[in-house]
Amino acid sequence: MASGIEVFTPVSHTLFDPADIINKNGGRPPLTYQSFIAIAGEPPAPIFEEYSELPPVGDTGEYELLPVPTVEELGYGDISQEEIPPFRGGETEALRRMKASLQDKEWVAKFEKPKGDPSGFLKPATTVLSPYLKFGCLSSRYFYHCIQDVYRSVRNYTKPPVSLSGQLLWRDFFYKVFFGTPNFDQIKGNKICKQIPWSENEELFVAWRDGRTGYPWIDAIMIQFIHWEKGRDVFERLLIDSDWAINNGNWLWLSCSSFFYQYHRIYSPITFGKKYDPNGNYIRHFIPVLKDMSREYIYEPWTAPLSIHKKAKCIICKDYPKPVVDHDTASKECRKRMGEAYASNRLDSNSSKGKPSNLSRRKWSHGDHGASNSSIAKLLRTSRSE
DNA sequence: TTCCGGTTGGTATA
DNA sequence: TATACCAACCGGAA
């Protein structure tokens with residue numbers, strides 16, 4: 001590859017062809033990871049082609065080709081003023097990072113997603129290759145098959161969905177569901193999304209968006225129960241690896257609107273982080289005003305006596321906010337409303353099931369087979385801008 | 001209609 | 001570190 005430009009086939013953005021998977025599933029997207037895996041089988045091998053110059057763009061059908069958008073058009077101002085993230089772009093850098101990640105075969109073989117430490121920021125518990133996948137610098141098929149090479153060279157290795165290859169399959173899963181689901185990024189008109197009357201408190205939303213909730217762990221990572229479409233928009237703007245299908249998929253998941261429904265399992269903004277990072281290093285790093293708070297109170301500084309605040313040079317309400325909501329009250333309220341919404345969704349589902357028409361909530365009517373025009377437009381827009 | 005299994009909870013207990 | 005329990009969800013298979 002020394003002389004030519006190395007180019008992967010465009011379809012390598014995902015492991016499988018979305019339309020193919022949906023056809024094999026009777027025109028509907030698979031709604032569980034397990035059913036997706038059962039239909040999908042083994043991903044095809046990547047295809048390598050060498051070009052001396054960039055190949056022409058193929059037939060885009062009725063969609064017109066647009067020039068690459070400028071930084072300003074993407075909604076960013078003067079980027080010279082912004083901090084440059086530690087990610088160099090491009091395929092060469094992507095391949096270098098991938099090879100570095102896969103070099104530690106034992107780490108690859110033992111990778112098990114939920115067990116990784118989510119508070120690891122100096123030494124992340126993942127490959128951090130997602131920005132390269134998102135921007136099309138790294139072929140998911142090539143990555144997948146390189147992982148398989150590692151598996152073949154070791155005795156034992158973890159399996160999907162928790163393994164490293166399983167992560168690539170999750171990524172594909174969300175692409176397939178999005179491709180076959182009109183209005184995937186909305187509550188309204190989205191057949192797989194629970195209709196839940198989310199709180200639209202603007203003050204709470206802004207406090208969360210700006211990291212001012214008063215819960216140090218939350219403010220350091222920004223997770224909260226709020227109208228998921230708004231949280232999704234914030235992440236779309238802030239995440240360097242923001243991927244349309246995965247961002248929406250994960251917000252649907254964590255808001256118990258789709259894919260995952262055990263809404264009684266509610267994260268604690270205090271204990272969840274403590275489990276991985278009892279000293280609060282993650283908080284101390286990203287919220288410097290709390291860096292000298294004692295270990296005992298770092299996750300709930302508002303409970304500390306004034307003497308502790310003074311000693312840490314961080315007075316609650318003055319230097320750092322007190323919690324915007326009482327977690328116990330807010331989570332109980334959330335759970336209650338979720339329960340009501342679920343009951344109401346069940347009612348709707350049952351009443352339409354009785355009718356002989358094709359209006360049943362979970363049946364895809366004939367016109368919905370495959371992706372809607374707007375879904376395809378979004379796919380094109382996504383892949384073009386990425 | 002029933003049953004099973006589900007990447008990522010919290011708490012109490014051994 | 002591992003397990004039972006909490007209360008009970010859903011999609012999909014049988």
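Chain identifiers are assigned alphabetically (A, B, ...) following the order of the sequence lines, protein sequences preceding nucleic acid strands; residue numbering begins at 1 within each chain.
One N or O on the side chain of A:Asn190 and one on the backbone of A:Gln186 form a donor-acceptor pair closer than 3.5 Å. Using modelled atom types, no side-chain atom of A:Gln195 and backbone atom of A:Ala341 make a donor-acceptor pair closer than 3.5 Å.
Here the side chains of A:Ile283 and A:Tyr215 are not in contact, with every heavy-atom distance at 4.5 Å or above.
With a cut-off of 3.5 Å on both pairing distances, C:dA8 has no Watson-Crick or G-U wobble partner at all. Across all strands shown, the partner of C:dA14 is B:dT1, judged by Watson-Crick or G-U wobble contacts whose two distances both fall under 3.5 Å.
Heavy atoms of A:Glu112 sit nowhere under 4.0 angstrom from any nucleic acid atom.
For the pair A:Tyr342 OH and C:dC10 C1', the computed distance is 8 Å after rounding to whole Å. Rounded to whole Å, atom C1' of B:dG6 lies 14 Å from atom CG of A:Leu31. Rounded to whole angstrom, the span from the CD1 atom of A:Ile37 across to the C1' atom of C:dG11 amounts to 16 Å. Between the CZ atom of A:Arg335 and the P atom of C:dC9 there is a distance of 14 Å, rounded to whole Å. Across the protein-nucleic acid pair, A:Tyr261 atom OH and C:dG12 atom C1' stand 12 Å apart, rounded to whole Å. Look at CD1 on A:Ile192: it is 10 Å from P on C:dG12, rounded to the nearest Å. Whole-Å rounding puts the A:Asn345 CG to C:dA8 P distance at 17 Å. One interatomic measurement links the two molecules: CE of A:Met338 to P of C:dA7, which rounds to 18 Å at whole-angstrom precision.
Each of A:Ser35 and A:Tyr263 was matched to the nucleotide of DNA chain C holding its nearest heavy atom; the match closer to the 5' end belongs to A:Tyr263.
For A:Arg346 and C:dC10, the shortest distance from a side-chain N or O to OP1 or OP2 is below 4.0 Å.
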Exercise. Heavy atoms under 4.0 Å is the rule here; annotate nucleotides 8-14 of chain B 5' to 3' with B where the base is hit, S where only the sugar-phosphate is, and - elsewhere.
Key: BBSS---

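Sorted by first and then second residue, the ring-ring contact (aromatic ring centres under 6.0 Å, His included) pairs with a member in residues 94-129 of chain A read A:Trp107-A:Phe111, A:Phe121-A:Tyr282, A:Phe121-A:His285, A:Phe121-A:Phe286; sequence neighbours excluded.
Taking atom P in both C:dA7 and B:dG5, the straight-line distance is 22 Å, to the nearest Å.
Distance from the side chain of A:Lys194 is smallest to C:dC10 among B:dG6, C:dG12, C:dC10.
Between A:Trp244 and A:Phe184, the ring-plane angle classifies as tilted under the 30° and 60° cut-offs.
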Quiz item: Where do A:Tyr132 and A:Phe143 land on the ring pair (Phe, Tyr, Trp, His ring centres under 6.0 Å) test, with the steps shown first?
Solution: CA-CA 11 Å; A:Tyr132 298 93; A:Phe143 186 18; over 10 Å; no

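Cation-pi geometry between A:Lys318 and A:Tyr320 is not met: the NZ or CZ atom fails to fall both under 6.0 Å from the ring centre and inside 45° of the normal.
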